[in-house]
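One-based numbering, in listed order, for ligands and for the atoms of each.
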Amino acid sequence: MEQLIKNALLTDESAAFFADVLVREGKIAAIGQNLSCAGEIIDAQGFTLMPAFVDLHCHFRDPGYTHKEDIESGCRAAVKGGYTAVNLMANTNPVCSDMETVRYVRKKAEEIGLVDVHQCVSVTKAFDGRTTEHLNELDKTVRLISEDGKGVMSNYVMAQAMKIAKRKGLTILSHAEDMELSPFDYRLAENIATVQHIHLAGYLGARLHMCHVSTREAMEEIIRAKQAGAPVSCEVAPHHLWFYDTDYRVNPPIRTKQDRDFLIQAIKNGYVDAIATDHAPHTEEDKKNGAPGMVGLETAFGVCYTILVKENGLPLTVLSRLLSASPARILGLQKGRFLPGYDADFVLVDEGRRWTACAADFASKGKNSPFDGSHLQGKVIRTIKAGKTVWQE
Ligand code: DOR
């Protein structure tokens, strides 16, 4: 089975150029001029074709909280936002601490067939804050572990987890929060935990990825560690690039304009590895009762295009690296680049399109978005996975 996408401006992390893309059996077969094909031909004249996006940080609430989101509604939100691969956090019910829950999620996702779903396992068993032996039982298909939603409070426990992670080739995603400090000062809570996790990882030689970095000081620590050659990567969330000085409830919180500007500068200087949504659906009632988080899959591209490309002059190639190539590398996927043999997962975007985010129209069950009503530029109009269209405007 072949597909051919013609006349688009191709943009990935390495270049922007006009060419045709030939897809065979779900993989990129050739990139070049005047290609022909026996199957479907998509004329993408006037639009930009990018590798589909890869989200390192999502909550699909399945199992356990499927009234907020489930694998199917999460996958539908993902493809609408241009994502064909997501990595799910473990704060489900039960907490994802074993292969049985990982297999449950994967099976459901495979049956739906829209998105490649990867699943994190919790750093401590059932988030008990102490037990790390369950990590020894994970098979090689699990690549990332995370306690997201909570911080790992004990440095001793984190050190034990890092030792196992190093031996098994796992990457630790750090939700850097000293929860004892949070009620006192949420900023200090992130900064202290960031320093601790970076030092532990550097000392033990474990691979560490810092999630949703939100303060200037935390980013400065990461930059120092990177300059010293530590195996640390990091992500920022679209909402921390857009909002400042507001009290919409999310963890980590929305910070100040100085923090926001520093994160954008860190992106421009090449210190940020990925933009990840932290897509966190909640019911209206849970939000009223103070649940932290917002949905983000369906607004991420428009938000990032507007704030980074349009307002801050970031080349779209760099945004492509942050949304596709680099998170794919962290997950170990052959996605996110226009290279023969890579997965034929693409997103067609209209760079000039101005649109207004409307939470009521989200495919996600979660309508909790402070972006509701925001004016954005840059819109996903079609998402293609393994050569097949999985969402179209
Ligand atoms: O705001 C947040 N919501 N931050 C987290 O770390 C967890 C997430 C959730 O699960 O709702």
Side-chain angles (χ1 to χ4, degrees), residues 55-71 73-74 77-78 86-97 101 105 119-124 126-127 129 144-153 172-179 181-183 186-187 189-191 193-194 197 209-215 218 234-244 246-255 259 274-297 299-300 303 359 362 364-371:
D55 195 353
L56 284 174
H57 195 139
C58 284
H59 300 265
F60 281 3
R61 310 292 190 211
D62 194 350
Y65 305 107
T66 52
H67 59 292
K68 297 190 192 220
E69 192 81 290
D70 58 27
I71 308 284
S73 59
V86 297
N87 178 50
L88 304 185
M89 295 298 117
N91 60 344
T92 49
N93 187 14
V95 173
C96 185
S97 299
T101 314
V105 170
Q119 174 67 56
C120 275
V121 167
S122 59
V123 175
T124 69
F127 284 175
L144 307 175
I145 56 172
S146 170
E147 205 89 328
D148 192 78
K150 286 177 127 184
V152 175
M153 286 293 286
I172 298 129
L173 306 193
S174 162
H175 171 105
E177 177 181 354
D178 182 323
M179 291 187 303
L181 282 172
S182 308
Y186 215 124
R187 182 174 196 92
E190 178 172 346
N191 295 345
T194 300
H197 291 175
H209 175 81
M210 304 306 298
C211 294
H212 41 50
V213 181
S214 72
T215 69
C234 72
E235 72 190 32
V236 296
H239 46 270
H240 290 126
L241 300 172
W242 183 277
F243 297 109
Y244 51 86
T246 66
D247 56 7
Y248 189 90
R249 181 99 173 80
V250 58
N251 279 346
I254 302 299
R255 306 289 188 184
D259 293 301
I275 292 176
T277 64
D278 197 5
H279 176 85
H282 289 293
T283 62
E284 211 179 320
E285 197 184 342
D286 288 339
K287 280 306 288 180
K288 272 190 200 133
N289 292 330
M294 69 187 78
V295 290
L297 284 164
T299 47
V303 167
F362 288 164
S364 171
K365 289 185 190 178
K367 312 297 176 196
N368 50 308
S369 171
F371 290 109

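- Of all the listed residues (Asn251, Thr92, Asn91, Asp286), Asn251 holds the heavy atom that lies closest to atom 4 (N) of ligand 1.
- Checked against a 3.5 angstrom limit, the closest N/O atoms of Val250 and ligand 1 fall outside it.
- Proximity of a side-chain donor or acceptor of Gln119 to a complementary backbone N or O of Met89 within less than 3.5 Å is detected.
- At a heavy-atom distance under 4.0 Å, no atom of Met89 approaches ligand 1.
- No heavy atom of His279 sits closer than 4.0 Å to any atom of ligand 1.
- Of all atoms in ligand 1, listed by their number and element, those nearer than 4.0 Å to a heavy atom of Asp278 are 4 (N).
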Practice item. Go through Ser97 and Ser122 one step at a time and tell me if the side-chain contact (heavy atoms from CB on, under 4.5 Å) criterion holds. Key: CA-CA 5 Å; Ser97 299; Ser122 59; 2.8 Å; yes
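- For His282, the closest heavy-atom approach to ligand 1 falls below 4.0 Å.
- Of the protein's heavy atoms, Arg61 NH2, 3.4 Å lies nearest to atom 9 (C) of ligand 1.
- For ligand 1, the atoms closer than 4.0 angstrom to any heavy atom of Asp148 are 5 (C), 6 (O), 7 (C).
- Considering each of Gly151, Ser146, Pro292, the one bringing a non-hydrogen atom nearest atom 3 (N) of ligand 1 is Pro292.
- Summarising the geometry of Met179 relative to Lys150, their closest heavy-atom pair is SD-CA, 3.9 Å, with the distance given to 0.1 Å.
- Here the heavy atom of the protein found nearest to atom 6 (O) of ligand 1 is His175 CE1, 3.0 Å.
- Taking any N or O of Gly293, backbone or side chain, at least one lies under 3.5 Å from an N or O belonging to ligand 1.
- Ring orientation note: the planes of His279 and Phe60 are nearly perpendicular, at an angle over 60° on the 30°/60° scale.
- Atoms of ligand 1 found under 4.0 Å from any heavy atom of Ala280, numbered from 1 in the order shown, are 3 (N), 8 (C), 9 (C), 11 (O).
- What you find for Tyr248 and Ile254 is that their closest heavy atoms are O-CG1, 4.1 Å.
- Between His197 and Val152 the shortest heavy-atom distance is NE2-O, 4.0 Å.
- Salt bridge Asp70/Lys365: present, at least one basic N to carboxylate O contact under 4.0 Å.
- Atoms of ligand 1 found under 4.0 Å from any heavy atom of Gly149, numbered from 1 in the order shown, are 6 (O), 7 (C).
- With a heavy-atom cut-off of 4.0 Å, Met294 does not touch ligand 1 at all.
- The aromatic rings of Phe243 and Phe371 sit tilted relative to each other, their planes meeting at an angle between 30° and 60°.
- For the pair Glu235/His209, a side-chain contact is recorded, criterion being any heavy-atom separation below 4.5 Å from C-beta on.
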